[in-house]
Amino acid sequence: MFRSILSLAVVASALLVAPVFADPHPKGFEPHKFNGSAAPVTEGGVTTFHIENGECSNVDFGDGRGESDCINGTVRSVFAHMPRAELGQTVEYRFDVRVDASLAYEGFYNVDSTGYEPNAWDSHLWLASWEGTSLHNFIYILKVSKKAGITFNGVQCQAPENLGDWVSFSMKVKWGGDDKAWVAVTCDDRYVYVAEDAPSNVAPACYVQNQCVVGEVRNPKSLLFIPGVKMNGWGHTFAETGHVTPLISIQPEGITAQMRNLAVTSGAVLYGPEQKALVVELQNALNALGCDVGAADGAPGKRTKTAALVCRKFADGAMPAALNVATLQTFVDLYTAEGVADLPPGELPVEPLAIHAFQQGSETTGKDKRVVADFGGRVTGDPSGVTELSFLVSGEFDYDASRLEWLSLILLDDVKGNNAVDACDGVRIEDWGDGGSHAVIEFEAKGLRYTARDMACLAENLPDGTAEEAAFLIGHFADLAKSLITDGTIGAISNDGLKLFLERVAAGEILVEAAPTAAPVEGLLPATYALDIEAEPVQVQDDGTLVVPLHADTSKLDVGFDQLAVLIIGKYSPALRKFSEFSLLLENGAESGVAAALGRCPDIRTEVWGDGLVRTVFIFTRPGDTYKARGASCAIAALGGGLGKEADFLFNHFSDIAVALVGSGASQSYSDPGLPEFFQRVATGELTLSK
C-alpha cells in the first residue's frame, strides 16, 4: 500500500515538472531552416515570433556562395509555407499581426528607396515577404519600424502609434507574368496597394536593399511566402559600406511579433458579388450617358475602364487615375451624381512627370566652398523617354551671396572619341583615364540665372540617350530640385552650399536654363498685312494677376472678323520666364444661347458682362513650353461665325502677335518687366499655343 501511494506521488511530481507542449503550427507552415535560437511558438491559435541581438543561424545557404545568416548579419524567426504558389494560381494570404509596442528599431534613411518609401525612410525589419526561388528576387515585403509603423510597398498599413494592436492583413493575388495577373492588398479591409492588368511576379519597388536586381525581370514560376520576424543585416560586404559588423543591433529584450488566423487559401477573387454589382451599376450609368461599354456584365474590362476615364470631365482631383477594385465606388458615385449628364467629355489622363533624385556621394561636406556631388535619379512620364539620371554637379559656392560662382553638370555616359561635342559652346570633355571621357556642360552665370549656351549642338553631337538626358536635366532642373524636397532627400546633401543652392532653385529664386536656340521668326501672315498692335497699359490685380490687352484692326486681312480684342489674364513667373497661370479672354461677346455648348468644352469658362453677352475664356495648361487649351476646338465650333474665326486666328497666329510687338519695339514699353521676355520667347518659337 505504501509503495503504491509513493508511486502515485512520483507520477504526480513528474506531471508537475513535465514540459507544456505547444500547439501545432498553422496548416502548411513550418519553422524555417535558417531560424536563429528562438523558433516560432504557437499557443491558443497565436504564433509568437521572437528575435534577439546576434542570435543568427550559421547554417550554410547551400548555394555555393559560402554564405549564411550570421555572415550576412540576418536574424530571423519565421515560417516557410508549403506548397509554393505557381503561376496561374489565385491565392489569398491572410493573417492578423501584432508587433510588440516596445519596438525600438527606428528604421533608416535610405536614398536607394527614394520614390518607393515616403521621405526615403526604409526598414531592415520585415514581417512577411513573397519571393521568387532565384537569388535576390524578393517581390513584395511587409515592413515595420518604430518611426513608420507597418508598411507595404511604401503605404502605411498600421500607424506607429498603434503598434501593439492587432491589424488584419490580406493579399489577394493572381500570380502571373502578363496583363492577366493582379494583386490587391488590404489592411483592416482598407486598400493599400492594387495592381490590375499587370504582372504580379515583378517587384514594384526594386532596389538593392529589397534584395532585388534593378533592371532585371526574372519572371519566377514558383513563389515563396515567408511570414514572421526578420532583421536583415548589412550583408557580407558590410565593411565596404562603413559598418563594423554585418549585424544590426536589436534592443536588449529582443523584438517580438505575433500572428493569428494565418492561412493561405486558393481560389481568391478580385471582384466578388458586391464589387460586380457596383461594376454593373457603373456600366449602366456609362451606357446611359452614351459611352457604350457593351452589356453590363459586371466584368471591368478595358472598354469599361477607358470609358470611365473619358466619358465625362470632373473637377480636378475628383476622378482617380484608374478604375480598379479600390476606386470602383468613387467612379460609381461620380457617374451616378446629379448633373453628370451636363458635364463635358473628358480625355485620357496623361502620365504625370515624376522625378526621384538623390545624392549618391560627395567629395565635399559642410561649409566647403568647393562643390562636387554625384547624383542619381529615376524619371517617369517623360515624353522623350528619359527614365534614369546619373550626373555630377560641380561649382564653387559664395556663402555671402548665397549662390554658386560657377556651375557645371558632368554627364556620366562615356563619350570617348566624340570630338564633335567638344566644339559646342560651353562644353568641354574631361578624360578620366580608365573612367572614360565625359561631357561637362558649363553654365554662364549672370546674377541668379545660369544658362547652358548651346543645347542645339549638344543635341546634334551627343549620343541619343545622353543628349536626351542633358536636355532633360537642364529643362527640368527646377523640377529635379523640387523632387529632392518632396522626397525628403534634400537632407542627405552633404555640402551646405549646394543644399542652399538647390533649395533656392526649387523656390524659383534661382533659374537654371538653356539659352534660346532660335532667332525671331517671320510672321505667318503676308508682310503687307503686318499686325499693328500697341502695348496698351497693363492692369495688375491684388493677387498679382496681370491683365494684358491685345487689340488690332484685322479688317484688311480678310480673316472673317474686323477687330481682334483679347485679354491675356495670368501670373508671370520671372524664374520660369513664362506665365505660370495663363488664360485668353475674347472681349467680343456672343449671344447667351452658346453658353450651354461652351460649358461642355473642357478648359473653357464663360463670363456674362453687363450687356448680357457671353465672353469666352480659354484656360491653358502648361506641359513644358506649350500652353494648351484642350477645349479650344470645341469652343471654336460652338462660337461659329466671326467669333469662332477670331478664336481660331488667335491660336494659329499668336506668334504673329508676338512678332508684331517685338519687331516694332512696342513690347519693350510694357511696365511689367516679364512681358517683353514672354513675347520675345513666343516670337522665337520657344513658347507656343496649342489646341
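What you see below is based on every heavy atom in this structure, not just the backbone, and it leaves out hydrogens, waters and symmetry mates.
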Side-chain donor/acceptor of [X] to backbone N/O of [Y], under 3.5 Å:
X      : Y      : answer
Glu281 : Thr336 : no
Tyr105 : Ser123 : no
Thr241 : Phe238 : yes
Thr327 : Ala322 : yes
Asn201 : Pro220 : yes
Tyr335 : Val340 : no

Strictly below 4.0 Å, N to O, side chains only: are Lys180 and Asp178 in salt-bridge contact?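 Salt bridge flag = no for Asp178 with Lys180.
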
Do the side chains of Asp197 and Lys302 get close enough for a salt bridge, i.e. N-O under 4.0 angstrom?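 Looking at Lys302 together with Asp197, the answer is no, because their closest N to O distance does not fall below 4.0 Å.
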
Check step by step if side chain to side chain donor-acceptor pair (under 3.5 Å) holds for Gln156 and Thr151. CA-CA 4 Å; Gln156 194 172 81; Thr151 62; over 6 Å; no

Separation between [atom1] of [X] and [atom2] of [Y], rounded to the nearest 0.5 Å:
X      : Y      : atom1 : atom2 : answer
Ile226 : Leu142 : CD1   : CG    : 13.5 Å
Leu282 : Lys305 : CG    : NZ    : 11.5 Å
Asn72  : Arg65  : CG    : CZ    : 6.5 Å
Ser200 : Lys172 : OG    : NZ    : 15.5 Å
Leu270 : Lys174 : CG    : NZ    : 10.5 Å
Arg76  : Lys33  : CZ    : NZ    : 10.0 Å

Are [X] and [Y] side-chain neighbours, meaning at least one heavy-atom pair lies under 4.5 Å?
X      : Y      : result
Leu334 : Met319 : yes
Asn210 : Lys143 : yes
Tyr191 : Thr186 : yes
Lys313 : Asp603 : yes
Phe138 : Cys212 : no
Thr42  : Leu262 : no
Leu163 : Ile150 : yes
Val379 : His476 : no

For side-chain contact (heavy atoms from CB on, under 4.5 Å), just list the numbers for Asn324 and Trp182, CA-CA rounded to whole Å, side-chain angles, deciding distance to a tenth of an Å, and then say yes or no. CA-CA 10 Å; Asn324 57 42; Trp182 48 263; over 6 Å; no

Begin from the C-alpha positions of Glu106 and Ser145 and carry the test side chain to side chain donor-acceptor pair (under 3.5 Å) through to its verdict. CA-CA 5 Å; Glu106 291 277 352; Ser145 68; over 6 Å; no

If you draw a 6.0 Å radius around CD in Glu161, do more than 12 non-hydrogen atoms from other residues or ligands fall strictly inside?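 Yes, because the 6.0 Å sphere around CD of Glu161 holds more than 12 heavy atoms from other groups.
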
Donor-acceptor side-chain pairing of [X] and [Y] below 3.5 angstrom:
X      : Y      : value
Asn35  : Ser77  : no
Tyr116 : Gln209 : no
Asn287 : Gln283 : no
Asn110 : Glu117 : no

Please walk me through it: do Glu92 and Ser170 pass side chain to side chain donor-acceptor pair (under 3.5 Å)? CA-CA 7 Å; Glu92 180 179 17; Ser170 166; 2.7 Å; yes

Looking only at heavy atoms, which two atoms of [X] and [Y] are closest? And how far apart?
X      : Y      : result
Val293 : Leu286 : CG1-CD1, 4.0 Å
Ser483 : Ala357 : OG-N, 3.6 Å
Trp130 : Met171 : NE1-CE, 3.2 Å
Pro320 : Ala318 : CD-O, 3.6 Å
His32  : Ala80  : CD2-CB, 4.0 Å
Val75  : Glu52  : CG1-O, 3.6 Å

Arg84 vs Thr133, side-chain contact (heavy atoms from CB on, under 4.5 Å): CA-CA, chis, key distance, verdict: CA-CA 10 Å; Arg84 300 168 179 168; Thr133 53; 3.7 Å; yes

Phe95 pairs by ring-ring contact (aromatic ring centres under 6.0 Å, His included) with which of Trp166, Phe169, Phe29?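 Considering Trp166, Phe169, Phe29, a ring-ring contact (aromatic ring centres under 6.0 Å, His included) with Phe95 is found only for Phe169.
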
[Y] and [X] aromatic ring geometry - parallel, tilted or perpendicular at 30°/60° bounds:
X      : Y      : result
Phe108 : Trp234 : perpendicular
Trp175 : Tyr140 : tilted
Phe152 : Tyr193 : tilted

Would you say the rings of Phe331 and Phe314 are close, in the sense that their centroids are separated by under 6.0 Å?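 No - the distance between ring centres of Phe314 and Phe331 does not fall below the 6.0 Å cut-off.
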
Pair Phe34 + Phe61: ring centers closer than 6.0 Å: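 Yes, ring centres under 6.0 Å apart.
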
Working note: His356 + Phe358, criterion side-chain contact (heavy atoms from CB on, under 4.5 Å); need CA distance, chi angles, decisive distance, verdict. CA-CA 7 Å; His356 300 292; Phe358 46 87; 5.6 Å; no

Kindly indicate, with the supporting measurements, whether the criterion side-chain contact (heavy atoms from CB on, under 4.5 Å) is fulfilled by Ile355 and Leu389. CA-CA 9 Å; Ile355 304 172; Leu389 300 175; 4.3 Å; yes

So Ser168 and Asp96, side chain to side chain donor-acceptor pair (under 3.5 Å) or not? Walk me through it. CA-CA 4 Å; Ser168 178; Asp96 304 327; 3.3 Å; yes

Could you please spell out the steps behind the salt bridge (Lys or Arg N to Asp or Glu O under 4.0 Å) verdict for Asp188 and Arg190? CA-CA 5 Å; Asp188 285 339; Arg190 172 180 57 87; over 6 Å; no

